[in-house]
Amino acid sequence: MTQTNNPAERNYDERREQIKKAALKVFAGRGIAGTKISMIAAEAGISQGLTYRYFQSKEELFTLLVQEAIDEAQTAIRNVPLLPGTPLEQFKELTRNMLDDTHKHYFLLIQHAQTSEGVPEQAKRAVSRYHPQDTMDLLVPIFVKGQELGEFGEGDPRQLLFLYFSVVTGLMIQEIHVGDGYWQREVDRLIKLLT
């Protein structure tokens, strides 16, 4: 969000962010086909008409959020080598970040964009340029270093990372609500998959 000294612009930006945050939550749970602007407005605590002052349609909002989700996912992975600590500590932090509500919603949004009907063409194009395999390529050297330090178990790094991501993403998709922040508190247990 761009910071400005103009109160009107600041209010406009804040309201847009409020709507985007609400839309992310609703889209992540319902997909584009199951979402109505009225649901987003209700989640944001504003009127449906006010929503249209900021976004022309739910498709525009969905496409914008898909692009932000992809950018966020790529940035998070690129930043893993910059996290402090050993490879094990870096993976713990990555796991915490992935299971945080915003990241979880971004992931679910990308899933909907990849698999749902009625996804706007622009969102489909954005998702087609997103390659989860690139994620693996960036993390393998960190994982190998962790294996060399004895922090991670032996085995093919790609297979172990695939197992790790399968479990973490599976937890994100689960409909069973175990309480806010539950899996973030269980990061040590989750990371044992790698050790």
Side-chain angles (χ1 to χ4, degrees), residues 1 17 20-21 23-25 27-29 31 62-116 119 123-195:
M1 182 168 77
E17 288 302 312
K20 283 170 43 181
K21 185 176 179 181
L24 177 61
K25 185 175 181 182
F27 282 134
F62 184 85
T63 300
L64 174 67
L65 289 170
V66 165
Q67 187 57 58
E68 286 183 6
I70 291 168
D71 292 346
E72 182 68 27
Q74 291 172 335
T75 299
I77 296 302
R78 276 195 301 271
N79 286 338
V80 171
L82 305 175
L83 293 172
T86 67
L88 178 63
E89 291 163 338
Q90 291 171 327
F91 267 86
K92 281 184 181 182
E93 188 59 28
L94 172 64
T95 307
R96 278 188 206 93
N97 289 340
M98 287 173 58
L99 293 171
D100 139 296
D101 277 343
T102 300
H103 289 101
K104 192 170 21 175
H105 290 148
Y106 275 146
F107 172 79
L108 293 171
L109 184 73
I110 292 171
Q111 290 289 105
H112 285 298
Q114 290 172 325
T115 60
S116 298
V119 173
K124 284 182 186 178
R125 280 195 303 273
V127 167
S128 73
R129 292 187 299 267
Y130 173 68
H131 304 287
Q133 188 59 39
D134 296 344
T135 298
M136 206 76 79
D137 292 342
L138 290 169
L139 294 177
V140 165
I142 299 166
F143 192 85
V144 169
K145 182 179 176 187
Q147 285 178 313
E148 291 168 355
L149 294 171
E151 292 183 326
F152 297 137
E154 293 180 14
D156 181 288
R158 289 184 182 283
Q159 290 177 344
L160 292 170
L161 285 169
F162 180 77
L163 172 64
Y164 161 78
F165 279 111
S166 296
V167 170
V168 173
T169 55
L171 293 173
M172 288 181 197
I173 312 175
Q174 273 187 14
E175 292 297 319
I176 300 168
H177 189 19
V178 291
D180 291 339
Y182 176 79
W183 289 116
Q184 282 197 320
R185 293 188 300 274
E186 294 293 327
V187 166
D188 287 335
R189 190 179 312 221
L190 291 171
I191 215 77
K192 285 184 181 176
L193 291 169
L194 299 175
T195 61

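A quick note: this is a predicted structure, and the numbers were derived from the prediction, not measured. The figures here come from the full heavy-atom set of this structure, side chains too, leaving out hydrogens, waters and symmetry mates.
Using a 4.5 Å heavy-atom cutoff, the side chains of R125 and R129 are in contact. With contacts defined as side-chain heavy-atom distances shorter than 4.5 Å, the pair Y164/I191 qualifies. Annotation: side chain of K145 is not in contact with side chain of I142 (no heavy-atom distance under 4.5 Å). For the pair F91/L161, a side-chain contact is recorded, criterion being any heavy-atom separation below 4.5 Å from C-beta on. Within the 4.5 Å cutoff, the side chain of K124 has no heavy atoms near those of the T63 side chain. Counting only heavy atoms from C-beta outward, the side chains of K21 and L24 never approach each other to under 4.5 Å.
Taking each heavy atom of Q111 and T115 in turn, the nearest pair found is O-OG1, 2.8 Å. Nearest heavy atoms, V144 versus P157: CG2-CG, 3.7 Å. Looking at every heavy atom in both residues, P84 comes nearest to Q90 through O-CG, 3.9 Å. Pairing each heavy atom of L65 with each of Y106, the nearest pair is O-CE2, 4.2 Å. Taking both residues in full, the closest heavy atoms of A113 and V66 are given as CB-CG2, 3.9 Å, listed atom of the first, atom of the second, then distance. Contact detail for L83 and L94: the closest heavy-atom pair is CD1-N, 4.4 Å.
The NE2 atom of H112 sits 10.0 Å away from the NE2 atom of H105 when rounded to the nearest 0.5 Å. In this structure, CG in N79 is found 10.5 Å from CG in L138, a value given to the nearest 0.5 Å. Distance check, rounded to the nearest 0.5 Å: CD of Q147 to CG of L194 gives 9.5 Å. Atom OG1 of T169 and atom CG of L108 lie 9.5 Å apart (nearest 0.5 Å). Remark: L160 CG to L139 CG distance equals 13.0 Å, nearest 0.5 Å. In this structure, N97 CG and E93 CD are separated by 4.5 Å, a value rounded to the nearest 0.5 Å.
In this structure, E17 pairs ionically with K20, as a charged nitrogen and a carboxylate oxygen lie closer than 4.0 Å.
A parallel orientation is assigned to the rings of F143 and F152, their planes being inclined by less than 30° (bins at 30° and 60°).
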